[in-house]
Each structure stands twice: as C-alpha cells, then as structure tokens.
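Report on the following structure.
Please read these numbers as outputs of a predicted model, since none were measured by experiment. Each chain gets a letter, A, B and so on, in the order the sequences are listed, and its residues count up from 1.
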Protein chains: 2
Amino acid sequence: MNQQHVQPTSAIPPHNCLLAALPAQDRERLLKHCDLIALNFADVLYCAGDSISHVYFPIESIISLVKPVAGSSGLEVGLVGNEGLLGVTLILEIDRAPFHALIQGAGTALRIAAPPFLKELKQSPALQLLLKQYLYVSINQLAQTAACTRFHVVEKRLARWLLMTQDRAHADTFHITHVFLAYILGVRRVGITKAANSLLKQKLISYRRGIVTIVDRAGLEAAACNCYQADNNIYALILGGVEK
Amino acid sequence: MNQQHVQPTSAIPPHNCLLAALPAQDRERLLKHCDLIALNFADVLYCAGDSISHVYFPIESIISLVKPVAGSSGLEVGLVGNEGLLGVTLILEIDRAPFHALIQGAGTALRIAAPPFLKELKQSPALQLLLKQYLYVSINQLAQTAACTRFHVVEKRLARWLLMTQDRAHADTFHITHVFLAYILGVRRVGITKAANSLLKQKLISYRRGIVTIVDRAGLEAAACNCYQADNNIYALILGGVEK
DNA sequence: ATTTTTTAGTGCGCCAACACACAGAGTTCA
DNA sequence: TGAACTCTGTGTGTTGGCGCACTAAAAAAT
C-alpha cells in the first residue's frame, strides 16, 4: 500500500454523498478523525477475512469489492465511489472484511480508523441509519450482480460496468486495462477484448492502451443490461434523500 | 398462501437454532408473539419489494430466497432452514423484502408479526447481535453463491445445493423436482436432468419423480464445489456458539 | 380402466465463453 | 536507437449450457 497524505488545499471541499447527508454536527465530529489520503491504482485496502482497520469515504477514488474464489481469480461484487463508503459491515459489530477491497480508480478518500468511527457511530443515530440504508442497498446490488453475472453476456455486463465507473469517476475518461476488466468481470481477457471491440464499433466507447472514453452514454445505457438501472433505482429508493 | 395453524402437540419442542441461542427470558418474550404454522411447498411468503409483514423461524420448513431477474426466471441467492430466519433485514429498519421468499421444503415454522418483533428487537441486545451476525453470514453466503454460479458447473452446484438442503431438511430424502431445481439454479431443466443423472450413475444420490435421496453423503461432498464448505465455515466462524 | 397430467430422459443444432498460442503495436527504459 | 515490456487483437479447436422438440413412464383424475 502506497498511500500518501494530501493537503486538503483544494477550494472545492471534498465531497462524499453519505458524509454530506449527515447533520452538520455529526459530520464535523466524524471529520475531526478523518485523514484525506491519496489512493493509488491497485492498492489493496484489505483482503477478505482481514480485520477492518479503517473506514474509507471515497472522494474521487473508486474501490472494487472482490469475492475471492478458490482456484479462480475472483469476482467483483460491489463498487464503491463517493456515493458510498468502504467498511459498512462495521455496523454489524463484526470486525472482519467480507471481501477484498482494492483501488480500481486512483484518487482521494477520507479515511478514519475503526475505533473512533465506532465511537461516533454509537453517538450518531443519523450515521447509524445511513449505514443501515447503505448496507441494504449494497445487499440488493450484490444480488443484482449475482443474477447479472449468471444471465447476461459479457458485452452487456461490460457496458453496465463502464456506466457504473463513469458515474463514480465523474469523468468520461478513465484508466482501465482489459486484463483488469477480465479479473473484475470474471472472464478471460480475450472476452473483454471482443466485447470492448464490439462497443467500439458501435461508437459507444473509444479506448487505447489502458484509457477508456465514454463516447455515447445514452447508447451505452441501451447496450447495457437493465441491472444498471436496477442498481440506481434501489439506491434512489432507499437513499433518495442523499444528494448526488 | 395456504398456511394452517398447527397445534404444538409434539413432545419434542420445536427447534430453531437462532431462537435456541437467545437467553431464555428474551426467547420467552418472543415466543409469546409467535404462531406455529405449517408452510406448504411453493407457498410464496413474500416478493421482492413487498413490505415485510412477518418474520419466520423455520423448524422443519426450508425457505428459498430468490432474486428475480427481468426477462429471466430468477436465481436463488439464499436458503433458510432452522439454522436461520426469514426477515433478517428488518434490523436495518427498512420494511422492504430484498428477495422473493418461497417454500422449498414443506414444514412448520414459528411466525411473528413485524411490529412485535421490532418491539422485542429494541429490548433485546442479544437478539440484535444474533441478527447482525446472521445478516453478516447471509451476505457472505450471497457472495459465495454469486461466485459459485459464475465459475462452477451445474453438476457441482447441484451437489452443493443437495447438501445444503439435506442439512436443513434433517433427512436423507426430500421432495424436489427437476423443474424446480432448474428454476433455483437458473439453468434449463435438461441441465438438471443431465447433472442429476451423472450423480445417480456415481451412486451419490437416487431419485424418482420428485423424490431425491442422498445415498453417499461423503461422496456428494467430494462432488460438490467447496462453496459448500465455505458457507459452513463462515456460519461456524460467526455463529459458532449457536447449537446445531 | 382409460385419459390426462406431471415428471424425467433423449436428440439436434447453436452459441458464448473457454484454453492456448501467437502477432502487432505502443511505451518505457537502458 | 534498440531492447524489454505492456497492452490489444486474432486464430483454432473445445465445451458447457441453450432452445426447441419429442418420447417415455409414472401418478392422478375421470
């Protein structure tokens, strides 16, 4: 892990939707214990089974949750950007990460050690509720991914994943290689090459050597399975009050 | 839904592991609000999105949690027997079922309406902890199923499912058809026929017209993917104190 | 006892994804 | 400038599961 502390010099205050949704007082108490850190591509924040040392609120960074599989590579079961947080299961009072957590998109995050987080959690019913809601959404999205992985072809799954990442990257262009995508979606690299090439030919995306650009977002949404919409719907339904 | 009230006449007291793990006082308070009911095969307790009217503690019944998929049939993402309960997400204070819940194995269950359950939940830290632990286990098993569904062939998945069902049925023989299994595992009926036939030829199971018998449990464990063991491990790790 | 319904087994062509291997092109570094 | 490395594209044969259609046999209903 190669995390650096970052001076919070930017004029725009760092933004995480869940933090923003907290009452000002609760948020301030929490922020006092937070560090703004930079997360680098492929950093591993923790592995399944590890103790949860810190909670992360991504700002621009994107975190992949990966379920490891004996013998196989693994399978992404969740994606965390500034709409969420990493470490939500702490609300279940179990100090054990259910999944690998690795950085899929470099950027900053607010980090807080588990002990102060748990202390604030006890004091803040608003934070408790937010975590419960986010956990509920995560469970729904996990099941959605399970079904999607079973029934939908790679091209549609890839389109969905690109949309989810674009939402969290807040940019049309981001860094990703076919190899990494293959790992995430649990398919061969060649499968990604083929699917990506198809999306390219349809002029929905463009890419070269690790840089993907969304060209036609509406088209990509049409090319994706509606699991993408389903995920958004459940988030809006449960966490609708949270500003995006 | 065709549920009948059942006289709790049996000499052996009905047994649900989670209820049994509660302190006697908390359990008694809860049981006062419980009805012992009979659940019939294919009963639908609720659909995804429904309000959670009741919580169910299976005794001999087995409940399937199914994530519906637009266009496709659905995919089982959880199995609840007397080692668990249905309605665990109520602890997240969200009155919305994340999955379909349908009876996969007929039998009795203790049922309690949501309002008294929530009231008892507030009063019983032991019940709160148990639900948190069970929810954590369920999340892990959900991810396990997601990965299993992606990477393992039907025959191994079928073997795993038969073992899970045998555990919950507490019997070597139970009622199940190929059509139902196909729905549950998200494959064609013919795929089940083929896989079941293979297990039959290996003398691990026997079956005829809706009745399956486990013949060689050790052999079946060897034929299953280790997702079966992984599920058991996480349950034992988190809920190890709970008697089986 | 005959018909109808339910459940299981078989055959055929098809396709998405697999495994493995290698080629070409851009990037980095010496 | 050339070598080493990284990333993407292509080719060949294989396979697990799909869709569809039909047969066979057991159970239930009339």
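Between the side chains of A/Tyr228 and A/Asp167, at least one donor-acceptor pair of N or O atoms lies under 3.5 Å. Using modelled atom types and a 3.5 Å distance limit, the side chains of A/Arg160 and A/Thr145 yield a donor-acceptor pair. Between the side chains of B/Asp172 and B/Gln166, at least one donor N or O sits under 3.5 Å from an acceptor N or O. A donor-acceptor contact closer than 3.5 angstrom is absent between the side chains of A/His100 and A/Asp50.
Nucleotide D/dT8 holds its P atom 12 Å from the CG atom of A/Leu158, rounded to whole Å. The CD1 atom of B/Ile192 sits 16 Å away from the P atom of C/dT10 (whole-angstrom rounding). The nearest whole Å value for the distance from the NZ atom in A/Lys156 to the P atom in C/dC15 is 17 Å.
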Check your understanding: What is the per-nucleotide protein-contact pattern of nucleotides 3-8 of chain C, from the 5' end, where B denotes a base atom under 4.0 Å from a protein heavy atom, S denotes such proximity for sugar-phosphate atoms only, and - denotes neither?
Key -> ---BBB
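B/Pro98 and B/Thr89 make their closest contact through CD-OG1, 3.8 Å (heavy atoms, listed as atom of the first residue, atom of the second, distance).
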Hey, can you pull the donor-acceptor pairs under 3.5 Å for the side chains in residues 134-142 of chain A, sequence neighbours left out?
unit_1: A/Tyr136; atom_1: OH; unit_2: B/Arg96; atom_2: O; d: 2.6
unit_1: A/Tyr136; atom_1: OH; unit_2: B/Arg96; atom_2: NH1; d: 3.1
unit_1: A/Ser138; atom_1: OG; unit_2: A/Tyr134; atom_2: O; d: 2.8
unit_1: A/Asn140; atom_1: ND2; unit_2: A/Tyr136; atom_2: O; d: 2.8
unit_1: A/Gln141; atom_1: NE2; unit_2: A/Asp231; atom_2: O; d: 3.4

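Ring orientation note: the planes of B/Phe41 and B/Phe180 are tilted relative to one another, at an angle of 30° to 60°.
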Mind listing the N/O atom pairs, protein and nucleotides 15-17 of chain D, below 3.5 Å?
unit_1: D/dG17; atom_1: OP1; unit_2: B/Val154; atom_2: N; d: 2.8

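Between the side chain of B/Arg157 and the backbone N or O of B/Leu185 there is at least one donor-acceptor pair closer than 3.5 Å.
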